[in-house]
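Since the model is a prediction, treat every value here as computed from it, not as a measurement. Side chains are part of it too, since the values below use all heavy atoms of this structure and drop only hydrogens, waters and symmetry mates. Ligands are counted one by one from 1 in listed order, and the atoms in each one are counted from 1 as well.
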Amino acid sequence: MSSSFTIEPSRRIAGTMQVPGDKSISHRALMLGGVAHGATRVSGFLPGEDCLATLAAIRSMGIDIEQHDATTITVHGKGLRGLRAAPGLLDMGNSGTAMRLFMGLLAAQGFDSTLAGDESLNRRPMERVAVPLRLMGAGISTTHGRPPVHISGGRKLQGIRYEMPVASAQLKSALLLAGLYADGDTVLTEPAVTRDHTERMLISLGLPVHRDGQTVSLGGGGQLTGTGIRVPGDLSSAAFFVLAACLAGEGELIIDNVGLNPTRTGILRILELMGADLRVEPAADSGAEPVGRLIIRPSDLQGARIPPELVPLAIDEFPMVFVAAALARGETVVSGAAELRHKESDRISVMVAGLRALGIEVEELPDGARIRGGSFSSGTIDSRGDHRVAMAFAVGAARAAGPVRILDTANVATSFPGFVSQAAAAGLAIKAERGD
Ligand code: S3P
């Protein structure tokens with residue numbers, strides 16, 4: 001709780017780096033690998049706390065997972081009906097993805113399950129997933145709409161036609177996972193396209209998934225076959241360094257082997273809109289997920305109206321967009337982003353408070369913010385235990401007038417183990433203090 005970062009001003013960000021594996025894809029590799037037939041070898045796995053919570057849960061349901069090294073594992077899947085009841089409750093830690101995807105997967109099992117989380121996760125909405133799963137026939141109860149979530153097994157699920165009320169890949173994925181076990185087709189229409197890692201991975205595991213515009217569908221009764229999965233570097237982690245390099249006074253940064261799935265690259269489009277000097281080099285030999293290299297040089301960022309249609313494609317990068325806006329010339333308006341209030345923290349109010357603590361003029365809106373660009377003073381930020389808030393301020397703090405202290409940073413380990421040493425290697429003057 002009392003862990004913190006202190007960042008001193010610095011000018012240069014340079015070098016060649018790779019970031020840890022993609023969090024979304026790592027969760028899915030464990031879950032889908034666990035219910036596929038045979039072995040799924042996963043390389044580039046993210047050994048962050050969120051994915052380790054999923055790993056422990058899958059293991060506790062009887063799936064054997066070999067760990068060859070920190071980032072290479074083999075999941076010995078037992079088929080769609082191979083999971084068995086865990087001996088106790090399943091602890092999802094800080095991870096909304098783990099909890100929501102497991103709700104879909106476990107709704108169709110022959111046994112009961114209880115999913116619980118940490119203080120932050122226990123505040124997040126779960127009825128958005130429970131409601132359509134109940135329409136499919138699942139027995140699910142939440143605690144006033146939040147975790148803990150109890151799932152009664154042994155239900156027969158029916159496919160569903162469902163217009164999703166929110167653009168959420170977690171919701172879509174939960175319903176697709178339940179749909180694997182359902183009678184008939186599951187047909188989902190998204191209000192806006194969201195990340196499609198589940199669909200891509202199901203296809204790699206041999207199960208057809210169809211997309212027609214914003215509608216995605218699959219039929220129940222198929223089966224998955226184990227395969228090799230290469231997890232690319234997480235663009236959501238790389239984005240902190242993309243921003244650091246944009247804000248730098250000198251240097252050039254190269255980030256290799258990063259995921260470039262077009263449902264994730266909204267942050268690159270937003271930074272380009274703001275004037276970033278950014279080169280994207282797609283790799284020729286990408287597998288199910290596009291990968292490539294990013295080359296970033298310093299630039300003078302300009303304020304922008306962020307197009308609301310880019311919000312779902314950059315949903316985890318808004319803490320960075322807020323910091324970019326605060327250090328850009330002119331005004332930036334973020335709108336259509338009310339979902340940010342349901343992340344690991346209420347990212348609109350926590351970012352607004354942090355920007356104000358560093359002397360930035362900002363107006364909070366129900367679905368975003370209006371940010372007047374300026375410069376950061378020295379100061380102290382409370383990240384409220386939100387990993388992405390902590391890392392976004394850490395990179396922005398390099399350009400502050402004096403030292404910046406960021407509090408409550410332990411959860412950086414949920415998505416980006418090694419952040420501090422990689423940031424220091426790239427040129428940030430960052431120190432971590434661990435408290436107990
Ligand atoms: C994720 C989807 C996003 C994102 C989260 C990971 C996923 O949530 O914020 O970090 O892996 O499906 P929503 O789809 O609910 O916006």
What orientation do F419 and F240 show, parallel under 30°, tilted 30 to 60°, or perpendicular over 60°? perpendicular

Enumerate the atoms of ligand 1 whose separation from the nearest heavy atom of T97 is less than 4.0 angstrom. 1 (C), 5 (C), 6 (C), 7 (C), 11 (O)

Non-hydrogen side-chain atoms of L294 and V242 separated by less than 4.5 Å: yes

For ligand 1, which atoms have a heavy atom of I315 less than 4.0 angstrom away? 9 (O)

Side-chain touch V321/V334, heavy atoms, less than 4.5 angstrom: yes

In terms of residue, atom name and distance, what is the protein heavy atom nearest to atom 15 (O) of ligand 1? S168 OG, 2.8 Å

Given R28, H27, H342, identify the one with the heavy atom nearest to atom 12 (O) of ligand 1. R28

Where ligand 1 meets K343 - atom numbers and elements under 4.0 angstrom, heavy-atom basis: 3 (C), 4 (C), 8 (O), 9 (O), 13 (P), 15 (O), 16 (O)

Is any side-chain N of the basic residue among E339 and R341 closer than 4.0 Å to the acidic one's carboxylate O? no

Pairs of nitrogen or oxygen atoms closer than 3.5 Å, one from R128 and one from ligand 1: do any exist? no

Hey, is CG on D69 packed in by over 12 heavy atoms from elsewhere, all under 6.0 Å? yes

To check you understand the geometry: which heavy-atom pair defines the closest contact between V75 and G33, and what is its length? CG1-C, 3.6 Å

Only heavy atoms of A169, strictly under 4.0 Å: list the atoms of ligand 1 that pass. 12 (O), 13 (P), 14 (O)

Can you list the atoms of ligand 1 that are under 4.0 Å from a heavy atom of S24? 1 (C), 6 (C), 7 (C), 11 (O)

Atoms of ligand 1, numbered as shown, that sit under 4.0 Å from any heavy atom of D316: 4 (C), 5 (C), 9 (O), 10 (O)

Residues R370, E331: salt bridge by 4.0 Å N-O rule: yes

